[in-house]
Amino acid sequence: MPELPEIEVLRRSLAPRLLGRTIIGLEVTNPALREPVDVEGLAAVVRNRRITGLGRRGKYLLIDLEGDDSIVVHLGMSGRLTLAGSQVPKEKHEHLAFHLDGGERLRFSDARRFGLVLALPTATLFEDSHFAHLGPEPLAGGLTGEVLAAATERRRGPVKNFLMDGRVVVGVGNIYACEALHRAGIHPKRSVARIAPRRWDALAQAVCSTLEDAIAQGGTTLNDFVDGEGNSGYFQTVLEVYDREGEACSRCGKSIRRIVQSGRSTFYCGGCQR
DNA sequence: CGGGCGGCCTGGAGGC
DNA sequence: TGCCTCCAGGCCGCCC
C-alpha cells in the first residue's frame with residue numbers, strides 16, 4: 001500500500017521532528033522481517049549517532065546519520081514508522097524502535113512483516129543491491145514521455161505492469177498505476193509497443209500529477225498507512241478507479257471494471273481508457 | 001532472457 | 001456467533 005506519496009509524506013512529517021536528534025539505542029523485539037534484521041550490526045551503527053538528514057529513494061526512506069551511515073527503511077505492505085513518547089506502550093506489531101535523546105522512540109511496526117530495516121554507508125548507498133537497478137525519480141523532473149518510451153527497449157508487455165516496474169520508474173504501485181492510467185486515458189492492458197509518443201507524454205504527466213496530488217492529500221490510507229505523527233491520508237477519498245468496481249466513471253459515466261493482471265487487481269474505465 | 005507468477009505474512013471481510 | 005477461506009500487494013526468486 002505505501003507507495004511513493006506515502007513515503008514522501010512520512011519523510012516530510014518526520015524531518016522536523018528528527019533532524020538534529022541523537023539515537024541513543026536500538027530495541028529489537030522481532031527481527032524476522034522480509035530480510036532478518038542484523039540486530040548487532042544495526043545497533044552498533046546507530047548508537048549515539050546524530051540524525052543529519054531525511055531522504056527518500058523510490059519507496060525507501062533514508063535516515064542519514066552523522067558520519068556517513070544511513071538507516072534504510074521500507075514499509076512493505078503494512079509498515080508504520082511513528083514517533084511515540086516513552087510512556088506509550090508497545091504496539092502489537094512493534095518489531096523495533098530507535099530510542100532518541102529526550103525519551104521518545106521512533107518505532108517500526110509492521111503486521112505483515114514485508115518491511116525492511118537496515119544500515120548502509122551513505123556514500124555508496126545507491127550501489128547497494130536494493131538500489132542499483134532502480135529507475136528515475138518521477139518527481140524530480142526525471143520522468144518524461146521520452147524516458148518512458150526509451151524504457152520500452154528493456155521492458156515489454158502491458159503498460160500497467162510496465163509502470164509498476166521499478167527499473168522503469170520508482171514509486172508507482174498498484175493504486176497509482178491504476179489512477180495514472182485513468183488520468184491518461186490509457187487501457188491497462190495496452191502493450192507498451194503500441195503507445196504513440198504523444199500518449200507517453202500524457203502518461204508521464206499523469207503519473208507525476210497523480211503522485212503530487214496524493215502527497216498534497218497526505219497520501220492514501222486504505223488500511224495501514226499513517227505519517228510519522230500517526231495521521232491518516234485523504235487521497236483514498238478522491239481515487240477515480242482503484243477499489244471502485246461498479247461505480248460510474250467521473251469522466252464518462254461508464255462503469256469501473258476490475259480485472260486481474262499478473263495476480264494483481266487492476267481497476268479501469270472501459271469507456272474512456274483505450 | 002524477460003515476463004509472469006508464487007511465496008512471504010496477517011488482519012479483515014465475507015460466506016456458511 | 002464462530003470458523004474457514006480468501007484477498008490485499010512490494011519485492012524477490014524461480015520457472016517457463
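Computed from heavy atoms alone, side chains included, the values below leave out hydrogens, waters and symmetry copies. We name chains A, B, ... by the order of the sequence lines, and we start the count at 1 in each one.
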Q. Can you tell me if CD on A:Q205 sees more than 12 non-hydrogen neighbours from other groups inside 6.0 Å?
A. no
Q | Distance-only donor-acceptor test (3.5 Å): side chain A:R112, base C:dA8 | A | yes
Q) Among the nucleotides B:dG4, B:dG3, C:dC11, which one has an atom lying closest to any side-chain atom of A:Y60? A) C:dC11
Q | Under 3.5 Å: donor-acceptor pair, side chain of A:D68, backbone of A:A123 | A | yes
(Q) In this structure, how many angstroms lie between the P atom of C:dG10 and the CG atom of A:L222, rounded? (A) 11 Å
(Q) Using the side-chain heavy atoms of A:P158, tell me which of these nucleotides is nearest: B:dG4, C:dA8, C:dC11. (A) B:dG4
Q: Using whole Å, report how far CD of A:E35 lies from P of C:dC12.
A: 8 Å
Q. CG of A:L4 versus P of C:dG10: gap in Å, rounded?
A. 12 Å
Q | A:H182/A:Y268 aromatic ring centres below 6.0 Å | A | no
Q) Hey, is the side chain of A:H93 poking within less than 4.0 Å of OP1 or OP2 on B:dC9, counting only N and O atoms? A) no
Q: Check the angle between the aromatic planes of A:W200 and A:F162 and answer parallel, tilted or perpendicular using the 30° and 60° thresholds.
A: tilted
**Q.** Rounded distance in Å - CG (A:L163) to C1' (B:dG3)
**A.** 16 Å
Q | Nucleotide nearest A:M164 when distance is taken to its side chain, options C:dA8, C:dG10, C:dC11 | A | C:dG10
Q. Of the candidate nucleotides C:dA8, C:dG10, B:dG3, which contains the atom at the shortest distance from the side chain of A:R34?
A. C:dG10
Q. To the side chain of A:S262, which of B:dG11, B:dG3, B:dC5 is closest?
A. B:dC5
Q) NA contact type, A:G157, heavy-atom cut-off 4.0 Å: base, sugar-phosphate, or nothing? A) nothing
Q) NE2 of A:H133 versus C1' of C:dG13: gap in Å, rounded? A) 13 Å
Q) Tell me the side-chain hydrogen bond (donor to acceptor under 3.5 Å, both in side chains) pairs involving residues 39-63 of chain A, sequence neighbours left out? A) A:E8-A:R56, A:R49-A:D69, A:R50-A:E66, A:R56-A:E137, A:R57-A:E137
(Q) Which is more 5' along DNA chain B, the nucleotide nearest A:R264 or the one nearest A:N161? Just name the residue. (A) A:N161
Q. Does a nitrogen or oxygen in the side chain of A:K92 sit under 4.0 Å from OP1 or OP2 of B:dG11?
A. yes
**Q.** Along DNA chain B (nearest heavy atom to each residue), the more 5'-positioned of A:R113 and A:R154
**A.** A:R154
Q. Can you check the A:H130 NE2 to C:dC12 P distance for me, whole Å?
A. 7 Å
Q) Whole-Å distance between B:dG6 P and A:Q261 CD? A) 15 Å
Q: Ignoring the backbone of A:K59, work out which of C:dG10, C:dC12, B:dT10 is nearest its side chain.
A: C:dG10
Q: Could you tell me the separation between the NE2 atom of A:H95 and the P atom of B:dC9, rounded to a whole number of Å?
A: 11 Å
Q: Give a yes/no on whether any side-chain N or O of A:S78 is located under 4.0 angstrom from OP1 or OP2 of C:dA8.
A: no
**Q.** Per A:H74 side chain, nearest of listed nucleotides B:dT10, B:dG3, C:dC11
**A.** C:dC11
**Q.** Pairs where residues 231-255 of chain A contributes a residue and the test salt bridge (charged side-chain N to carboxylate O under 4.0 Å, His left out) is met, not counting sequence neighbours
**A.** A:R244-A:E247
